[in-house]
Number of protein chains: 2
Amino acid sequence: MARSPSASDADHSATAKLPAEGTQARRFGKTRSAQSTALLEDYVELIADLLAGEGEARPTDIARRLGVSHATAIKSISRLKRAGLATARPYRGVFLTDKGRALADRVRVRHRLVVDVLQALGVPSEAAEADAEGIEHHVSETTLKAFAQFLKARG
Amino acid sequence: MARSPSASDADHSATAKLPAEGTQARRFGKTRSAQSTALLEDYVELIADLLAGEGEARPTDIARRLGVSHATAIKSISRLKRAGLATARPYRGVFLTDKGRALADRVRVRHRLVVDVLQALGVPSEAAEADAEGIEHHVSETTLKAFAQFLKARG
DNA sequence: TGCAAAGTGTAGCTTAGGTTACACTTTGAC
DNA sequence: GTCAAAGTGTAACCTAAGCTACACTTTGCA
Ligand SMILES: [Mn+2]
Ligand SMILES: [Mn+2]
Ligand SMILES: [Mn+2]
Ligand SMILES: [Mn+2]
(Lines give C-alpha, C1' and ligand atoms only; values in the text may rest on other atoms or scores of the structure.)
(Ligands and ions follow the chains in the order given, each with its own letter.)
Protein backbone atom coordinates (compact mmCIF):
# COMPACT_ATOMS: atom_id res chain seq x y z
CA MET A 1 0.00 0.00 0.00
CA ALA A 2 3.02 2.27 0.36
CA ARG A 3 1.81 3.97 3.51
CA SER A 4 0.06 7.29 2.97
CA PRO A 5 1.94 10.17 4.53
CA SER A 6 -1.22 12.23 4.89
CA ALA A 7 -2.19 11.42 8.44
CA SER A 8 0.81 9.71 9.94
CA ASP A 9 4.01 11.65 9.42
CA ALA A 10 5.86 13.32 12.21
CA ASP A 11 4.03 14.82 15.19
CA HIS A 12 1.57 17.25 13.69
CA SER A 13 -1.32 15.37 15.26
CA ALA A 14 -4.33 17.19 16.60
CA THR A 15 -4.02 16.37 20.28
CA ALA A 16 -0.37 15.28 20.39
CA LYS A 17 -1.13 12.73 23.11
CA LEU A 18 0.10 9.48 21.67
CA PRO A 19 3.41 8.22 23.11
CA ALA A 20 6.10 7.09 20.68
CA GLU A 21 5.25 3.78 19.09
CA GLY A 22 8.15 1.86 20.65
CA THR A 23 7.55 3.29 24.08
CA GLN A 24 3.93 2.33 24.02
CA ALA A 25 4.71 -1.17 22.75
CA ARG A 26 7.24 -1.65 25.54
CA ARG A 27 4.70 -0.61 28.17
CA PHE A 28 2.03 -2.97 26.86
CA GLY A 29 4.56 -5.76 26.61
CA LYS A 30 5.52 -5.28 30.23
CA THR A 31 1.87 -5.46 31.23
CA ARG A 32 1.40 -8.69 29.27
CA SER A 33 4.37 -10.34 30.91
CA ALA A 34 3.18 -9.22 34.34
CA GLN A 35 -0.12 -10.95 33.68
CA SER A 36 1.65 -14.18 32.88
CA THR A 37 3.38 -14.20 36.27
CA ALA A 38 0.37 -12.97 38.25
CA LEU A 39 -1.11 -16.43 38.57
CA LEU A 40 2.15 -17.97 39.77
CA GLU A 41 2.52 -15.21 42.34
CA ASP A 42 -0.98 -15.67 43.72
CA TYR A 43 -0.47 -19.41 44.00
CA VAL A 44 2.83 -19.23 45.86
CA GLU A 45 1.50 -16.54 48.18
CA LEU A 46 -1.57 -18.62 48.97
CA ILE A 47 0.40 -21.84 49.39
CA ALA A 48 2.80 -20.13 51.77
CA ASP A 49 -0.14 -18.78 53.78
CA LEU A 50 -1.78 -22.20 53.94
CA LEU A 51 1.45 -23.88 54.98
CA ALA A 52 1.95 -21.28 57.70
CA GLY A 53 -1.65 -21.27 58.84
CA GLU A 54 -2.79 -24.85 58.42
CA GLY A 55 0.46 -26.77 58.20
CA GLU A 56 -0.41 -28.10 54.77
CA ALA A 57 -1.51 -26.89 51.35
CA ARG A 58 -3.82 -29.29 49.57
CA PRO A 59 -5.12 -28.88 46.02
CA THR A 60 -8.76 -28.72 47.11
CA ASP A 61 -8.11 -26.03 49.72
CA ILE A 62 -6.12 -24.02 47.20
CA ALA A 63 -8.93 -24.41 44.66
CA ARG A 64 -11.62 -23.37 47.13
CA ARG A 65 -9.73 -20.24 48.14
CA LEU A 66 -9.04 -19.25 44.56
CA GLY A 67 -12.60 -19.98 43.51
CA VAL A 68 -11.64 -22.45 40.76
CA SER A 69 -12.19 -26.16 40.30
CA HIS A 70 -9.72 -28.54 41.85
CA ALA A 71 -8.76 -29.72 38.36
CA THR A 72 -7.72 -26.20 37.45
CA ALA A 73 -5.71 -25.88 40.66
CA ILE A 74 -3.91 -29.13 40.01
CA LYS A 75 -2.94 -28.05 36.50
CA SER A 76 -1.63 -24.74 37.80
CA ILE A 77 0.35 -26.58 40.45
CA SER A 78 1.99 -28.49 37.61
CA ARG A 79 2.98 -25.17 36.12
CA LEU A 80 4.45 -24.15 39.49
CA LYS A 81 6.48 -27.37 39.50
CA ARG A 82 7.67 -26.77 35.96
CA ALA A 83 8.70 -23.27 37.02
CA GLY A 84 10.70 -24.69 39.92
CA LEU A 85 8.55 -22.98 42.53
CA ALA A 86 6.83 -25.95 44.13
CA THR A 87 7.06 -29.67 44.71
CA ALA A 88 4.21 -32.12 45.12
CA ARG A 89 3.85 -35.87 45.23
CA PRO A 90 0.53 -37.56 44.46
CA TYR A 91 -1.96 -37.33 47.34
CA ARG A 92 0.64 -35.64 49.51
CA GLY A 93 0.01 -31.91 49.28
CA VAL A 94 2.05 -29.06 47.88
CA PHE A 95 5.28 -27.55 49.16
CA LEU A 96 7.41 -24.63 48.07
CA THR A 97 11.00 -24.81 46.92
CA ASP A 98 13.51 -22.26 48.19
CA LYS A 99 12.79 -20.26 45.08
CA GLY A 100 9.06 -20.54 45.73
CA ARG A 101 9.45 -19.43 49.32
CA ALA A 102 11.59 -16.48 48.25
CA LEU A 103 8.96 -15.43 45.71
CA ALA A 104 6.19 -15.83 48.27
CA ASP A 105 8.04 -13.58 50.68
CA ARG A 106 8.52 -10.84 48.11
CA VAL A 107 4.92 -11.13 46.98
CA ARG A 108 3.57 -10.97 50.51
CA VAL A 109 5.54 -7.83 51.33
CA ARG A 110 4.41 -6.18 48.11
CA HIS A 111 0.77 -7.15 48.71
CA ARG A 112 0.89 -5.61 52.19
CA LEU A 113 2.49 -2.43 50.91
CA VAL A 114 -0.08 -1.99 48.15
CA VAL A 115 -2.96 -2.47 50.58
CA ASP A 116 -1.41 -0.02 53.03
CA VAL A 117 -0.95 2.64 50.37
CA LEU A 118 -4.51 2.24 49.13
CA GLN A 119 -5.82 2.59 52.65
CA ALA A 120 -3.60 5.60 53.26
CA LEU A 121 -5.25 7.15 50.19
CA GLY A 122 -8.64 6.67 51.77
CA VAL A 123 -9.74 3.46 50.07
CA PRO A 124 -12.03 1.39 52.35
CA SER A 125 -10.34 -1.79 53.54
CA GLU A 126 -12.40 -4.35 51.64
CA ALA A 127 -11.96 -2.45 48.35
CA ALA A 128 -8.27 -2.04 49.15
CA GLU A 129 -7.85 -5.78 49.69
CA ALA A 130 -9.85 -6.71 46.59
CA ASP A 131 -8.19 -4.23 44.24
CA ALA A 132 -4.72 -4.99 45.62
CA GLU A 133 -5.14 -8.59 44.55
CA GLY A 134 -4.93 -7.41 40.93
CA ILE A 135 -2.87 -4.23 41.28
CA GLU A 136 0.04 -5.84 43.11
CA HIS A 137 1.17 -7.72 40.00
CA HIS A 138 1.70 -4.51 38.05
CA VAL A 139 3.69 -2.53 40.59
CA SER A 140 7.33 -2.16 39.57
CA GLU A 141 10.28 -1.98 41.95
CA THR A 142 10.50 1.72 41.28
CA THR A 143 6.88 2.27 42.21
CA LEU A 144 7.25 0.02 45.23
CA LYS A 145 10.07 2.18 46.53
CA ALA A 146 7.99 5.31 46.05
CA PHE A 147 5.14 3.66 47.97
CA ALA A 148 7.41 2.77 50.89
CA GLN A 149 8.81 6.29 50.90
CA PHE A 150 5.35 7.78 50.87
CA LEU A 151 4.17 5.71 53.82
CA LYS A 152 7.26 6.49 55.82
CA ALA A 153 7.13 10.22 55.15
CA ARG A 154 3.52 10.21 56.15
CA GLY A 155 4.00 8.38 59.43
CA MET B 1 -10.76 -39.04 52.94
CA ALA B 2 -13.30 -37.50 55.30
CA ARG B 3 -11.29 -34.36 55.97
CA SER B 4 -9.13 -34.44 59.06
CA PRO B 5 -10.24 -31.89 61.64
CA SER B 6 -6.75 -31.64 63.09
CA ALA B 7 -5.46 -28.62 61.22
CA SER B 8 -8.46 -27.03 59.62
CA ASP B 9 -11.28 -26.45 62.07
CA ALA B 10 -12.38 -23.01 63.13
CA ASP B 11 -9.91 -20.20 63.52
CA HIS B 12 -7.31 -21.53 65.88
CA SER B 13 -4.63 -21.09 63.24
CA ALA B 14 -1.16 -20.01 64.17
CA THR B 15 -1.01 -16.64 62.44
CA ALA B 16 -4.74 -16.04 61.89
CA LYS B 17 -4.05 -14.13 58.68
CA LEU B 18 -6.12 -16.00 56.12
CA PRO B 19 -9.34 -14.27 55.03
CA ALA B 20 -12.54 -16.32 55.02
CA GLU B 21 -12.59 -18.80 52.16
CA GLY B 22 -15.53 -17.21 50.35
CA THR B 23 -14.17 -13.70 50.70
CA GLN B 24 -10.85 -14.70 49.26
CA ALA B 25 -12.49 -16.60 46.40
CA ARG B 26 -14.62 -13.56 45.58
CA ARG B 27 -11.56 -11.32 45.46
CA PHE B 28 -9.63 -13.63 43.18
CA GLY B 29 -12.67 -14.04 40.95
CA LYS B 30 -12.96 -10.29 40.60
CA THR B 31 -9.31 -10.11 39.60
CA ARG B 32 -9.79 -12.82 36.99
CA SER B 33 -12.75 -11.07 35.42
CA ALA B 34 -10.85 -7.77 35.37
CA GLN B 35 -8.10 -9.47 33.41
CA SER B 36 -10.57 -10.64 30.81
CA THR B 37 -11.75 -7.07 30.14
CA ALA B 38 -8.29 -5.50 30.32
CA LEU B 39 -7.47 -6.32 26.72
CA LEU B 40 -10.74 -4.91 25.42
CA GLU B 41 -10.16 -1.74 27.41
CA ASP B 42 -6.66 -1.22 26.08
CA TYR B 43 -7.84 -1.74 22.52
CA VAL B 44 -10.73 0.73 22.67
CA GLU B 45 -8.56 3.31 24.42
CA LEU B 46 -5.86 2.96 21.76
CA ILE B 47 -8.34 2.98 18.88
CA ALA B 48 -9.97 6.14 20.23
CA ASP B 49 -6.56 7.79 20.54
CA LEU B 50 -5.59 6.80 16.99
CA LEU B 51 -8.90 8.03 15.59
CA ALA B 52 -8.47 11.34 17.41
CA GLY B 53 -4.80 11.74 16.58
CA GLU B 54 -4.48 10.24 13.12
CA GLY B 55 -8.03 10.21 11.85
CA GLU B 56 -7.94 6.46 11.37
CA ALA B 57 -7.17 3.27 13.27
CA ARG B 58 -5.68 0.54 11.12
CA PRO B 59 -4.87 -2.98 12.28
CA THR B 60 -1.16 -2.65 11.59
CA ASP B 61 -0.85 0.59 13.57
CA ILE B 62 -2.77 -0.92 16.43
CA ALA B 63 -0.52 -3.98 16.33
CA ARG B 64 2.67 -1.92 16.27
CA ARG B 65 1.62 0.17 19.25
CA LEU B 66 0.56 -2.87 21.25
CA GLY B 67 3.70 -4.75 20.33
CA VAL B 68 1.90 -7.76 18.86
CA SER B 69 1.64 -9.21 15.36
CA HIS B 70 -0.98 -7.79 13.03
CA ALA B 71 -2.67 -11.19 13.00
CA THR B 72 -3.15 -11.00 16.75
CA ALA B 73 -4.55 -7.48 16.48
CA ILE B 74 -7.02 -8.54 13.82
CA LYS B 75 -8.26 -11.42 15.95
CA SER B 76 -8.71 -9.13 18.94
CA ILE B 77 -10.59 -6.66 16.77
CA SER B 78 -12.99 -9.50 15.97
CA ARG B 79 -13.52 -9.91 19.68
CA LEU B 80 -14.24 -6.18 19.96
CA LYS B 81 -16.84 -6.54 17.20
CA ARG B 82 -18.41 -9.52 18.90
CA ALA B 83 -18.57 -7.47 22.12
CA GLY B 84 -20.33 -4.66 20.27
CA LEU B 85 -17.50 -2.20 20.87
CA ALA B 86 -16.18 -1.71 17.34
CA THR B 87 -17.02 -2.02 13.68
CA ALA B 88 -14.67 -2.77 10.80
CA ARG B 89 -15.01 -3.65 7.15
CA PRO B 90 -12.24 -5.42 5.25
CA TYR B 91 -9.36 -3.10 4.35
CA ARG B 92 -11.24 -0.12 5.75
CA GLY B 93 -9.95 0.45 9.27
CA VAL B 94 -11.58 0.15 12.67
CA PHE B 95 -14.21 2.39 14.23
CA LEU B 96 -15.88 2.46 17.62
CA THR B 97 -19.56 2.04 18.31
CA ASP B 98 -21.30 4.36 20.77
CA LYS B 99 -20.69 1.72 23.39
CA GLY B 100 -17.03 1.54 22.39
CA ARG B 101 -16.63 5.30 22.57
CA ALA B 102 -18.30 5.40 25.97
CA LEU B 103 -15.94 2.71 27.26
CA ALA B 104 -12.95 4.51 25.77
CA ASP B 105 -13.93 7.70 27.56
CA ARG B 106 -14.26 5.99 30.91
CA VAL B 107 -10.99 4.14 30.40
CA ARG B 108 -9.11 7.27 29.42
CA VAL B 109 -10.30 9.18 32.48
CA ARG B 110 -9.37 6.29 34.72
CA HIS B 111 -5.94 5.89 33.09
CA ARG B 112 -5.21 9.59 33.62
CA LEU B 113 -6.33 9.45 37.26
CA VAL B 114 -4.17 6.43 38.03
CA VAL B 115 -1.12 8.07 36.48
CA ASP B 116 -1.76 11.28 38.38
CA VAL B 117 -2.09 9.48 41.70
CA LEU B 118 1.09 7.50 41.11
CA GLN B 119 2.97 10.67 40.31
CA ALA B 120 1.51 12.40 43.34
CA LEU B 121 2.94 9.54 45.38
CA GLY B 122 6.36 10.25 43.99
CA VAL B 123 6.56 7.66 41.23
CA PRO B 124 8.71 8.88 38.32
CA SER B 125 6.64 9.57 35.22
CA GLU B 126 7.82 6.75 32.97
CA ALA B 127 7.28 4.17 35.74
CA ALA B 128 3.91 5.75 36.48
CA GLU B 129 2.83 5.46 32.84
CA ALA B 130 4.12 1.91 32.49
CA ASP B 131 2.65 0.60 35.74
CA ALA B 132 -0.65 2.40 35.17
CA GLU B 133 -1.13 0.44 31.97
CA GLY B 134 -1.64 -2.67 34.09
CA ILE B 135 -2.95 -1.19 37.32
CA GLU B 136 -5.82 0.76 35.75
CA HIS B 137 -7.76 -2.43 34.97
CA HIS B 138 -7.92 -3.41 38.63
CA VAL B 139 -9.07 -0.14 40.13
CA SER B 140 -12.69 -0.31 41.31
CA GLU B 141 -15.15 2.59 41.28
CA THR B 142 -14.73 2.87 45.03
CA THR B 143 -10.98 3.19 44.74
CA LEU B 144 -11.33 5.58 41.84
CA LYS B 145 -13.43 7.89 43.98
CA ALA B 146 -10.87 7.77 46.75
CA PHE B 147 -8.15 8.64 44.24
CA ALA B 148 -10.08 11.66 42.96
CA GLN B 149 -10.74 12.78 46.51
CA PHE B 150 -7.09 12.42 47.41
CA LEU B 151 -5.90 14.48 44.46
CA LYS B 152 -8.44 17.22 45.13
CA ALA B 153 -7.70 17.44 48.84
CA ARG B 154 -4.04 17.69 48.04
CA GLY B 155 -4.33 20.46 45.50
C1' DT C 1 -12.09 -54.22 59.41
C1' DG C 2 -14.19 -52.23 55.97
C1' DC C 3 -16.42 -48.82 53.31
C1' DA C 4 -18.32 -44.37 52.03
C1' DA C 5 -17.08 -39.82 51.61
C1' DA C 6 -13.63 -36.69 50.63
C1' DG C 7 -9.82 -35.70 48.14
C1' DT C 8 -6.88 -36.40 43.99
C1' DG C 9 -5.64 -37.13 39.33
C1' DT C 10 -6.53 -37.37 34.33
C1' DA C 11 -8.88 -36.84 29.98
C1' DG C 12 -11.34 -34.16 26.85
C1' DC C 13 -13.30 -29.91 25.75
C1' DT C 14 -13.48 -24.59 25.40
C1' DT C 15 -11.87 -19.77 24.87
C1' DA C 16 -8.37 -16.29 24.81
C1' DG C 17 -4.37 -14.69 23.11
C1' DG C 18 -0.16 -15.27 21.07
C1' DT C 19 2.85 -16.90 16.90
C1' DT C 20 4.40 -17.72 11.60
C1' DA C 21 3.38 -18.46 6.92
C1' DC C 22 1.04 -17.46 2.98
C1' DA C 23 -2.35 -15.42 -0.13
C1' DC C 24 -5.00 -11.44 -1.44
C1' DT C 25 -6.04 -6.00 -1.79
C1' DT C 26 -4.89 -1.40 -2.16
C1' DT C 27 -2.50 2.41 -3.51
C1' DG C 28 1.42 5.68 -4.14
C1' DA C 29 5.15 6.30 -7.37
C1' DC C 30 7.00 5.96 -11.58
C1' DG D 1 -1.63 2.66 -16.34
C1' DT D 2 1.52 -0.64 -13.95
C1' DC D 3 3.22 -2.82 -10.29
C1' DA D 4 5.77 -3.46 -6.08
C1' DA D 5 5.48 -2.54 -1.40
C1' DA D 6 2.59 -2.10 2.39
C1' DG D 7 -1.30 -3.51 4.51
C1' DT D 8 -4.89 -7.04 5.39
C1' DG D 9 -6.96 -11.39 6.13
C1' DT D 10 -6.87 -16.35 7.20
C1' DA D 11 -5.09 -20.86 8.41
C1' DA D 12 -2.55 -23.83 11.29
C1' DC D 13 -0.33 -24.09 15.31
C1' DC D 14 0.87 -23.25 20.46
C1' DT D 15 0.24 -22.43 25.59
C1' DA D 16 -2.43 -20.95 29.51
C1' DA D 17 -6.38 -21.29 32.08
C1' DG D 18 -10.83 -22.45 32.77
C1' DC D 19 -14.58 -26.30 32.91
C1' DT D 20 -17.05 -31.22 33.61
C1' DA D 21 -16.91 -36.04 33.96
C1' DC D 22 -15.01 -39.99 35.58
C1' DA D 23 -11.80 -43.10 37.84
C1' DC D 24 -8.68 -43.94 41.57
C1' DT D 25 -6.64 -43.22 46.65
C1' DT D 26 -6.97 -42.31 51.37
C1' DT D 27 -8.77 -42.32 55.68
C1' DG D 28 -12.07 -41.49 59.57
C1' DC D 29 -15.64 -43.93 61.68
C1' DA D 30 -19.17 -47.30 62.37
MN1 LIG E 1 -2.89 -11.15 43.40
MN1 LIG F 1 -1.88 -11.07 46.77
MN1 LIG G 1 -3.98 -0.84 30.19
MN1 LIG H 1 -4.43 2.60 29.48
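This structure is a prediction, so every number in the text was calculated from the model and none was measured.
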Could you tell me whether the side chains of B:His137 and A:Gln35 share a donor-acceptor contact shorter than 3.5 Å?
->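 Note: B:His137 and A:Gln35 side chains miss the donor-acceptor criterion.
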
Could you tell me whether the side chains of B:Ser36 and B:Ser33 share a donor-acceptor contact shorter than 3.5 Å?
->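 Absent: no donor and acceptor within the cut-off.
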
Measure all distances between protein nitrogen or oxygen atoms and nitrogen or oxygen atoms of nucleotides 9-13 of chain C, and list the pairs falling under 3.5 Å.
| unit_1 | atom_1 | unit_2 | atom_2 | d |
| --- | --- | --- | --- | --- |
| C:dG9 | OP1 | A:Tyr91 | N | 2.9 |
| C:dG9 | N7 | A:His70 | NE2 | 3.0 |
| C:dG9 | O6 | A:His70 | NE2 | 3.0 |

Quick one: CZ on A:Arg32 to CG on B:Leu66, what's the gap to the nearest 0.5 Å?
-> 6.5 Å

Is any side-chain nitrogen or oxygen of [X] closer than 4.0 Å to OP1 or OP2 of [N]?
| X | N | result |
| --- | --- | --- |
| B:Arg82 | C:dA16 | yes |
| A:Ser76 | D:dA16 | no |
| A:Ser69 | D:dC19 | yes |

Candidate pair B:Asp116 and B:Arg112, rule salt bridge (charged side-chain N to carboxylate O under 4.0 Å, His left out), full reasoning | CA-CA 6 Å; B:Asp116 289 348; B:Arg112 213 40 280 138; 3.5 Å; yes

Using whole Å, report how far [atom1] of [X] lies from [atom2] of [N].
| X | N | atom1 | atom2 | result |
| --- | --- | --- | --- | --- |
| A:Leu50 | C:dG7 | CG | P | 14 Å |
| B:Ile62 | C:dG18 | CD1 | P | 13 Å |
| A:Glu56 | D:dT27 | CD | C1' | 13 Å |
| B:Lys81 | C:dA16 | NZ | C1' | 17 Å |
| B:Leu40 | C:dT15 | CG | P | 16 Å |
| B:Asp61 | D:dT8 | CG | C1' | 12 Å |
| B:Ile77 | D:dG9 | CD1 | P | 8 Å |
| B:Arg58 | C:dT25 | CZ | C1' | 11 Å |

Between B:Gly93 and B:Arg32, who's closer to the 5' end of DNA chain D by nearest nucleotide?
->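 Looking at DNA chain D, the more 5' nearest nucleotide goes with B:Gly93.
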
Cationic N near anionic O, under 4.0 Å, A:Arg27 to B:Asp131 = no

Crowded around A:Glu126 CD? As in, over 12 foreign heavy atoms under 6.0 Å?
->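 Counting neighbours around CD of A:Glu126, more than 12 heavy atoms of other residues, nucleotides or ligands fall under 6.0 Å, so yes.
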
Could you go through residues 69-77 of chain B and list every donor-acceptor pair under 3.5 Å that involves a side-chain atom there, pairing it with any protein atom two or more places apart or in another chain?
| unit_1 | atom_1 | unit_2 | atom_2 | d |
| --- | --- | --- | --- | --- |
| B:Ser69 | OG | B:Thr72 | N | 3.2 |
| B:Ser69 | OG | B:Thr72 | OG1 | 3.1 |
| B:Ser76 | OG | B:Tyr43 | OH | 3.3 |
| B:Ser76 | OG | B:Thr72 | O | 3.2 |

